[in-house]
Amino acid sequence: MPVAPSPPLAAPAMLRALPQVQKLLESAEAAALLAEFPRALVTEAVRGALDALRRAVLDGAACFENFPADSFFDSVRSALEPLRHDRMRRVINGTGIVIHTNLGRAPLAEPAVTAIADVAAGYTNLEFDLESGARGSRYAAVTGLLCRLTGAEAALVVNNNAAAVLLALSVVAGGGEALVSRSELVEIGGSFRVPDVIRQGGARLVEVGTTNKTRTSDYEAAITPETRVILKVHQSNYRIVGFTSAPDLAELAELGRRRGLVVMEDLGSGTLLDLRDIGLPHEPTVGESIASGIDLVMFSADKLLGGPQAGIIVGRRDLIVQLKKHPLLRAVRIDKLSLAALEATLKLYLDPARVVAAVPVLAMLAAPLPLLEERAGRLAELLAGIDGLEVAGAEGKSYSGGGSLPETALPTRLVTLRAAGVGTAELARRLRLHRPAVVGRIAADRFVLDVRTLADADLPVIATAIREAIREAVRGVPAP
Ligand SMILES: *Cc1c(COP(=O)(O)O)cnc(C)c1O
């Protein structure tokens, strides 16, 4: 029945016209939402929209004669909409930073992904010895591999490298002094600061040498009856260049043995591969540290290694045995999914001829310019047909990230974009909010994608994302 136009209600009448929450939940509009979303959340959204409408009435911002059911349920729906998707989503990394901590560090090798899927949905022999039917070791899947790949006599894995360093310090240095070079008192980001970790490990920091030069004799001169450990720390993102010197690892290991101290090294990224083999500058390998006689070496599994998040500790068996007994181990233990992925990743390293192609982090770091050029060409071609999009190729630099090779800029190829009528910041924002998200850089008012960190399968997805982003921006559709 058509309703004759009548003057809007006064505020008290409008407030009286607002239905009860229960009535609204019984409506047909609510039924559609309840089929999709949990009742508690629909109720909450209805209450929220009702409160907002009540406030609008009191502020004089809302004016109606009949309860505006359509617009009311539109706002309820848009409040619920974000729940439809997980907050975490896939990201296409066009930054050219291979190990990007904000983007989840290492993309996993295919066998590692399969290994996770295999153990995730059901039960697994995580701590169960299938041969004897008795309780087994959580670490058995990876210790043999780690010893073989590093030359160490024993190994242990924990949740991440920060936990590895904390655990090792707690066991080895607790209550005593830890000697650290002044050049290595670094913060590596994410609030991991060497002096704080030492304090947390229950040890007292004794600074040795100077910012630019530290010699073995400096360590020796600082030894007191309280000294328990010499800690070497990879400087990661930080470099002191020029007039510098650091002691030879073998010399330091020898000093430790002579004076009864544990010598341990936080290698940070910790590569198992000589990076010179893939045309990069040398980074100390875990094997080199072990061969120098370092007692314990700690490193991340999700930096240059290219595996899941984990912290690896390799070294002297008697020390690893002590680490395994410390109560902190339980608090920082690795989970079954990471362990499965780590085993699969480490196995790839058994074949040095194939590991670079198989581990995405290594493949991206090793990608030769002609390959990048060809990939940039294909991306540019896919983008060429998009209306109002200006596409150009350019030379650029990519970085390893993750605290490794901070001074090494890898020559790369970029694809740079500008869309007519859409601001570059706006284009970048819409691409970030796309599913999957596309993350790049902005330089000289152009959106820039570095093809080094793109997979071939990403290219058509990027083209679709850009086409949609431009179309919606031009039409003024708000970004999701
Ligand atoms: C990255 C890094 C860490 C922390 O490793 P996580 O695996 O992120 O916990 C510790 N020390 C150094 C030197 C690092 O580079």
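Below, all heavy atoms of this structure are taken into account, side chains as well, without hydrogens, waters or symmetry copies. On a predicted model such as this, the values are computed, not experimentally measured, just so you know. All ligand and atom numbering here is 1-based and tracks the order in the structure.
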heavy-atom search around atom 1 (C) of ligand 1 in the protein gives Lys303 NZ, 1.3 Å
d(Leu103 CG, Asn93 CG) to nearest 0.5 Å is 5.0 Å
Ligand 1 atoms nearer than 4.0 angstrom to some heavy atom of His234 are 13 (C)
Value for CZ (Arg452) from CG (Leu449), rounded to nearest 0.5 Å, stands at 14.5 Å
Take a 6.0 Å sphere around CD of Glu187 and say whether it holds more than 12 heavy atoms from other residues, nucleotides or ligands. yes
Using distance alone, with no hydrogens and no angle criterion, decide if Glu251 and Thr216 have a side-chain donor and acceptor under 3.5 Å apart.
-> yes
With heavy atoms and a 4.0 Å threshold, my read on which part of Gln309 contacts ligand 1 is neither
Checking side-chain hydrogen bond (donor to acceptor under 3.5 Å, both in side chains) for the pair His282/Glu288: CA distance, chi angles, key distance, verdict? CA-CA 11 Å; His282 178 255; Glu288 285 163 12; 2.9 Å; yes
Looking only at protein heavy atoms, what sits closest to atom 10 (C) of ligand 1 is Asn161 ND2, 3.2 Å
ask   = Would you call Ile188 a ligand 1 contact, heavy-atom distance under 4.0 Å?
value = yes
Under 4.0 Å from one or more heavy atoms of Asp266, ligand 1 contributes atoms 10 (C), 11 (N), 12 (C), 13 (C)
Taking only non-hydrogen atoms of Ala162 and a 4.0 Å limit, the atoms of ligand 1 in range are 4 (C), 5 (O), 6 (P), 9 (O)
Among non-hydrogen protein atoms, atom 15 (O) of ligand 1 lies closest to Ser236 OG, 2.6 Å
Candidate pair Asp445 and Thr424, rule side-chain hydrogen bond (donor to acceptor under 3.5 Å, both in side chains), full reasoning = CA-CA 6 Å; Asp445 198 30; Thr424 300; 3.2 Å; yes
Under 4.0 Å from one or more heavy atoms of Arg105, ligand 1 contributes atoms 6 (P), 7 (O), 8 (O)
d(Asp318 CG, Asp295 CG) to nearest 0.5 Å is 8.0 Å
Within 4.0 Å of some non-hydrogen atom of Ser300, the atoms of ligand 1 are 5 (O), 6 (P), 7 (O)
- Query: Going by distance alone, is a donor N or O of one side chain under 3.5 Å from an acceptor N or O of the other, for Ser269 and Glu283?
  - Reply: no
A student checking ligand 1 against Gly268 at a 4.0 Å heavy-atom cut-off should list atoms 12 (C), 13 (C), 14 (C), 15 (O)
